[in-house]
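Only a predicted model underlies this, so the values are computations on that prediction, with no experimental measurement involved.
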Amino acid sequence: DEIALKYSEFYENPEIIINQLYKYTTFQVSYGINMLALVDNKPRVLNLKAVLSNFIEHRKDVVTRRTKFELDKAEKRAHILEGYIIAIDNIDEVIRIIRSSASTEEAKERLIAKFSFTEIQAKEILEMQLRRLTGLERDKIIEEKNELMKLILYYREVLADIQKLLAIIKDELRDIRERYG
């Protein structure tokens with residue numbers, strides 16, 4: 001009966017439970033936080049909403065810069081691969097020009113004149129190993145170029161569409177949550 005009487009007090013008066021929770025747990029503990037941050041290179045005290053807003057803007061900037069860097073890298077590689085494909089298609093002529101040239105500089109100038117290569121493409125062709133000039137390698141080069149073109153298209157879409165940029169940020173934050181809890 002005594003136990004039933006004690007439990008009936010809890011059911012009749014929920015304030016008792018709440019007071020005990022506050023007394024014996026950390027429900028009522030508060031922590032002071034000074035949310036000082038650099039915003040536009042100036043220190044400012046921010047509320048939670050401003051912290052989150054500035055963090056999202058920062059992530060937009062980071063993802064945009066990273067995407068531009070990756071796009072530039074992919075475009076440069078695709079440009080070189082285009083030169084490789086032209087060189088493989090005209091392999092005999094390319095080898096003849098390289099062999100008949102007195103210097104690397106002359107070979108580069110003659111390749112540019114004959115095939116309209118850029119300086120970068122001509123330099124890469126001169127540095128390319130002969131085993132890369134086989135027909136089997138041509139297929140690999142074309143496949144790599146096609147993959148790069150898909151990536152380039154994706155990077156351009158991300159830079160053009162804010163929703164795709166925000167989706168990347170969300171995915172990265174979910175990944176961080178999964179890894180670190």
With a 3.5 Å distance limit and no angle check, can you tell me whether [X] reaches the backbone of [Y] through a side-chain donor-acceptor pair?
X: Asn54; Y: Ala50; result: yes
X: Glu106; Y: Ala102; result: yes
X: Asn90; Y: Glu93; result: no
X: Gln121; Y: His79; result: yes
X: Asp175; Y: Asp171; result: no
X: Asp40; Y: Lys42; result: no

Within one Ile-Leu-Val-Met-Phe-Trp-Tyr cluster: [X] and [Y], side-chain cutoff 4.5 Å:
X: Leu153; Y: Leu151; result: no
X: Val51; Y: Leu173; result: no
X: Ile56; Y: Leu48; result: no
X: Tyr155; Y: Ile162; result: yes
X: Val94; Y: Ile142; result: yes

What distance do [X] atom [atom1] and [Y] atom [atom2] have between them, rounded to the nearest 0.5 Å?
X: Arg174; Y: Ile169; atom1: CZ; atom2: CD1; answer: 12.0 Å
X: Arg138; Y: Ile88; atom1: CZ; atom2: CD1; answer: 7.0 Å
X: Leu111; Y: Phe117; atom1: CG; atom2: CZ; answer: 6.0 Å
X: Glu70; Y: Ile152; atom1: CD; atom2: CD1; answer: 11.5 Å
X: Thr64; Y: Leu71; atom1: OG1; atom2: CG; answer: 12.0 Å
X: Glu124; Y: Tyr84; atom1: CD; atom2: OH; answer: 4.5 Å

Could you check whether [X] pairs with [Y] (Lys NZ or Arg NE/NH1/NH2 to Asp/Glu carboxylate O, under 4.0 Å)?
X: Lys123; Y: Glu119; value: no
X: Lys76; Y: Asp72; value: yes
X: Glu172; Y: Arg66; value: yes

I want to check something: taking the side chain as every heavy atom from C-beta on, are Arg110 and Ser100 in contact at a cut-off of under 4.5 Å? yes
For atom [atom1] of [X], is the number of surrounding heavy atoms from other residues, nucleotides or ligands below 6.0 Å larger than 12?
X: Ile120; atom1: CD1; answer: no
X: Arg44; atom1: CZ; answer: no
X: Tyr154; atom1: OH; answer: no

Could you pull out the closest heavy-atom pair between [X] and [Y], with the gap in Å?
X: Ala87; Y: Ile125; answer: CB-CD1, 3.8 Å
X: Ser101; Y: Ala107; answer: OG-CA, 3.3 Å
X: Pro43; Y: Leu38; answer: N-CD2, 3.7 Å
X: Lys164; Y: Val158; answer: CB-CA, 4.2 Å

Using the side chain to side chain contact (heavy atoms under 4.5 Å, CB included) rule, take Arg77 and Lys145 through it: C-alpha gap first, then chi angles, then the decisive distance, then the call. CA-CA 8 Å; Arg77 180 68 182 156; Lys145 183 176 179 260; over 6 Å; no
Between Ile86, Leu148, Asn146, which is the residue that forms a side chain to side chain contact (heavy atoms under 4.5 Å, CB included) with Leu81? Leu148
Could you please spell out the steps behind the salt bridge (Lys or Arg N to Asp or Glu O under 4.0 Å) verdict for Lys60 and Glu57? CA-CA 5 Å; Lys60 282 182 190 175; Glu57 287 303 314; 3.1 Å; yes
Report the residues that fulfil salt bridge (Lys or Arg N to Asp or Glu O under 4.0 Å) with Arg65, sequence neighbours left out, ordered by chain and then residue number. Asp61
How about Arg156 and Thr67: does a side-chain donor come under 3.5 Å of a side-chain acceptor? no
Using links of under 4.5 Å between side-chain heavy atoms of ILVMFWY residues, direct or through other members, which residues join Val45 in one cluster? Leu36
